[in-house]
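Remember, it's 1-based here, ligands and their atoms both numbered in the order they're listed. Values below: all heavy atoms of this structure, side chains included; hydrogens, waters and symmetry mates excluded. This structure is a prediction, so every number in the text was calculated from the model and none was measured.
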Amino acid sequence: MSADFGLIGLAVMGQNLILNAADHGFTVCAYNRTQSKVDHFLANEAKGKSIIGATSIEDFISKLKRPRKVMLLVKAGAPVDALINKIVPLLEKGDIIIDGGNSHFPDSNRRYEELKKHGILFVGSGVSGGEEGARYGPSLMPGGSEEAWPHIKNIFQSISAKSDGEPCCEWVGPAGAGHYVKMVHNGIEYGDMQLICEAYDIMKRLGGFTDKEISEVFAKWNKGVLDSFLVEITRDILKFDDVDGKPLVEKIMDTAGQKGTGKWTAINALDLGMPVTLIGEAVFARCLSALKNERIRASKVLPGPEVPKDAVKDRQQFVDDLEQALYASKIISYAQGFMLIREAAATYGWKLNNPAIALMWRGGCIIRSVFLAQITKAYRQEPDLENLLFNKFFADAVTKAQSGWRKSIALATTYGIPTPAFSTALSFYDGYRSERLPANLLQAQRDYFGAHTFRVLPECASDNLPVDKDIHINWTGHGGNVSSSTYQA
Ligand code: NBP
């Protein structure tokens, strides 16, 4: 029996994706470096399904229909390169290698180029949704050699999650674009999680809410504009008790881990000069949380305001304001994420499909939410939308949410509760809507100390301040008239 496609890597993601594909009528060939895992899988989970095994890479390749479709779901990094090097000599021109791991997009750019030289079509696909998603419908974000898409489209769209009947899987773009979009997805996930944690902290420390009460608030929010997987699991986590009847979450060490995809997004945003502040703050918030011992020391010597018992006067209003703060901040985060994707498309020369990206995130993945349906709609209405905030739906939503957003942050700031993500979202919003920012003074400072030059406002142009020219002024009367050659606008 020859297989429709082959998958290497029988850990949690690989096994579940194979079972998912078999459920959709595809014959899959399974292979793993450690042979015992193949044998165990075939004798147990895969038994009776359209799944065959292979005993070696050569055996594996020989069992695939042409063009061969080989999916790798192994640990990202060196294992992917090692496997590609082993497989390539066994493949023919037009065969397809799909990397479904969490690879960094520059690696996928490189693999795409290298495999092109061998006539092999490379697809780097973001896969999101964890174990459950892989088994019953992940969000899939494939990019790379577009000639591969007609050969894998049916398999990918069959096994992916569906949102309102549409598959959460579309072709993303060339080279490493699929893994790029997955990276931004993960960055947004960091932001969403941090925002939820700040809302919980404010309710707990300012409002004096119990975990059960906070769970009820999240349950209510999950029926409105914040309806999402992350709000839903937060509701459930907060009402989960340990064996002693006390909330388990309060026993968990408050130091956050990270695997690096949020950091990649933040670094890329800095590289591309895009103010993706919310993801940046979400990464830094995890870094700050990791300084547990220093925080313990600081908590004893660095004073802040006491939270009075009546800090929250009207509990319902407080919760409603917080809901607005969370909603508005989330809109900012997604607006920033799409700004980054737009800039990446321009910088890397990729044509990306924004409505499809929003649709791919709509179901199956960790950031799935009702909210993403509105983003899909916005980009379908206006494919070249400059910024999500210029779409009427989101502009109206932020305008409406503004009062509660500002009140929540003001209250938290007054009583010393940290809100890095909420606050940076609001600062971004206020900066973005400011026709004039204090960068005029900054440019003057740069010219004063470093002769970095400045440009003049068109309406202020004069003989000594010509428009569209880099100007250097001798501010002190002591310096020369030579300007720096390192001017950057
Ligand atoms: P892991 O990331 O834990 O990788 C384990 C697999 O990699 C095993 O099959 C292992 O084979 C194989 N492997 C390693 Br390690 N080194 C290898 C090498 N040099 N040559 C061949 N195979 C090698 O598995 P996972 O959690 O299923 O994740 C798979 C990919 O999907 C990763 O890139 C991950 O980041 C990504 N991802 C995971 C999730 C999730 O929720 N877990 C979600 C989304 C994406 P062995 O059995 O012989 O050791």
Decide yes or no for N32 and F41: does some side-chain heavy atom of the first lie under 4.5 Å from some side-chain heavy atom of the second?
no
Identify the protein heavy atom lying closest to [atom], giving its residue, its atom name and the separation to 0.1 Å.
atom	value
atom 47 (O) of ligand 1	K37 NZ, 2.6 Å
atom 18 (C) of ligand 1	R33 NH1, 3.4 Å
atom 2 (O) of ligand 1	K75 CA, 3.6 Å
atom 26 (O) of ligand 1	V12 CG1, 3.5 Å

Is any side-chain N of the basic residue among [X] and [Y] closer than 4.0 Å to the acidic one's carboxylate O?
X	Y	result
D81	R110	yes
R66	D95	no
K116	E113	yes

Partners passing ring-ring contact (aromatic ring centres under 6.0 Å, His included) against H151 (at least two apart in sequence or in another chain)
none
Close-contact set for ligand 1 against [X] heavy atoms, below 4.0 Å:
X	answer
L83	21 (C)
V127	44 (C), 45 (C)
L73	29 (C), 30 (C), 31 (O)

Quick check: [X] and ligand 1, any N/O pair under 3.5 Å apart?
X	answer
K182	no
N32	yes
M13	yes
V74	yes
N102	yes

Output field: ring centroids F338/Y379 closer than 6.0 Å
yes
Would a line drawn from the ring center of W264 to the ring center of F105 be shorter than 6.0 Å?
no
Nearest heavy atom to atom 3 (O) of ligand 1: which of G130, A11, G9 does it belong to?
A11
Between W361, F393, W221, Y334, which is the residue that forms a ring pair (Phe, Tyr, Trp, His ring centres under 6.0 Å) with F371?
Y334
Please classify the L10 to ligand 1 contact at 4.0 Å (heavy-atom distances, strictly less than): side chain, backbone, both or neither.
backbone
Does T34 approach ligand 1 within less than 4.0 angstrom via side chain, backbone, both or neither, non-hydrogen atoms only?
both
Pairs in or reaching into residues 147-159: which pass salt bridge (charged side-chain N to carboxylate O under 4.0 Å, His left out), with residues at least two apart or in two chains?
none
Distance to the ring centre below 6.0 angstrom and angle to the axis at most 45 degrees; does that hold for R111 and F122?
no
